[in-house]
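Each remark here refers to the structure printed beneath this line.
Whatever order the structure lists them in is the order used to number ligands and atoms, beginning at 1. Source: prediction; values computed, not measured.
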Amino acid sequence: MSKSHDPWQDAMDHAVAVARKSGEMIREVVQNQDQSSLVQTKSSAVDLVTETDQKVERLIIQSVKSKFPSHRFIGEESVSSGEPCILTSDPTWIIDPIDGTTNFVHRYPFVGVCIGFAVNQQVEWGVVYSAIEDKMFTARRGRGAFCNGRPLQVSTQTDVHRSMVATEFGSDRDPQVVDKIFSSLHKVLSLPVHGVRGAGSAALNMCAVARGSVELYYETGVHVWDIAAASVIVTEAGGVLRDTTGGALDLMSRRIVAANNETIATRIIAELEVYSSERDDRAPDCEPE
Ligand SMILES: O=P(O)(O)O[C@H]1[C@H](O)[C@@H](O)[C@@H](O)[C@@H](O)[C@@H]1O
Ligand SMILES: [Mg+2]
């Protein structure tokens, strides 16, 4: 069969297939109730990683390398093992094998297999597979956003007092960071808004914005692999992306606001405490002199 004239579509079709296969692996582990084995920690005692995270990421990367040998990767567990987290202009797969690992360990049913694809440092398409719900969220830049093939559209709400907001507590338990998280949460809740929710997965919170059930999601401390795939799903569903400072989203900054429109984004951003975590693309720690 001749190669399609649209190589990025071939890559996206592969991503959907391998995300679905990854979801089957995840469901099997959850159903066998052995996902709590081999739980390790990373940046903090509550930043978890399991053998399944690592197996799923290896499955995705090895399958891509065989079909697209010249492409690059940014994978959560590869970076955790020391791979660089640098987005070049080359075609790059940005992978979070299980977004919502803590949910996975506790059998809380919101885990997303996230595969984003960037060319010239712009996300071209994104795939987020909510494995337990069996919902495949997809978007290709300029061609719309879908869930299981049905078009997605953000909420039309412009009144912040009638909005639902999502955020996360993250995995940093530094008391000063926890204070900033609760300061923002206090201000947002007191507007008031209808409610605050958190799926336990940045990507699934963003998909909730894309499908119109949440008006805005914000978080400081996320990583590029948490948000890259879902970023294009939000914008192709008609949503907007911002930094918590109000500026343009910087995928490596570890700060994000994803909203249904500028009105809601501006109103909530005014309430947020701005603080920073180390950038994802920071230079590796220099060896001591
Ligand atoms: O499950 P992860 O891939 O580690 O990402 C989660 C993160 O652990 C959690 O603390 C929150 O930041 C979520 O928004 C991430 O998706
Ligand atoms: Mg994640």
How about OH on Tyr108, more than 12 heavy atoms from neighbouring residues, nucleotides or ligands closer than 6.0 Å, or not?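 Atom OH in Tyr108 is not packed in, count stays at 12 or less.
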Within 6.0 Å of NZ in Lys65, more than 12 heavy atoms from elsewhere: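 Atom NZ in Lys65 is not crowded, with 12 or fewer foreign heavy atoms closer than 6.0 Å.
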How far is atom 11 (C) of ligand 1 from its nearest protein heavy atom, and which residue and atom name does that atom have?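 Protein heavy atom with the smallest distance to atom 11 (C) of ligand 1: Glu219 OE2, 3.3 Å.
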So which protein heavy atom does atom 9 (C) of ligand 1 come closest to, and at what separation?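 The answer is Gly170 CA, 4.3 Å.
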Given the rule in the ring-ring contact (aromatic ring centres under 6.0 Å, His included) test, do Trp125 and Trp93 qualify, once you have shown the distances and angles that lead to the verdict? CA-CA 10 Å; Trp125 52 252; Trp93 296 63; 5.3 Å; yes
Contact check: Glu76 to the Mg ion (ligand 2), N/O/S below 2.8 Å: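 No.
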From Asp99, Val105, Asp47, Asn205 - option closest to atom 5 (O) of ligand 1 by heavy atom: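 Looking at heavy atoms only, the winner is Asp99.
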Side chain, backbone, both or neither: the part of [X] lying under 4.0 Å from ligand 1 by heavy atom:
X	result
Asp96	side chain
Glu76	side chain
Thr101	both

Is any heavy atom of the protein nearer than 4.0 Å to atom 14 (O) of ligand 1?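 So atom 14 (O) of ligand 1 has protein heavy-atom neighbours under 4.0 Å.
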Measuring from the heavy atoms of Thr102, does anything fall under 4.0 Å of ligand 1?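 Flag not set, Thr102 not near ligand 1.
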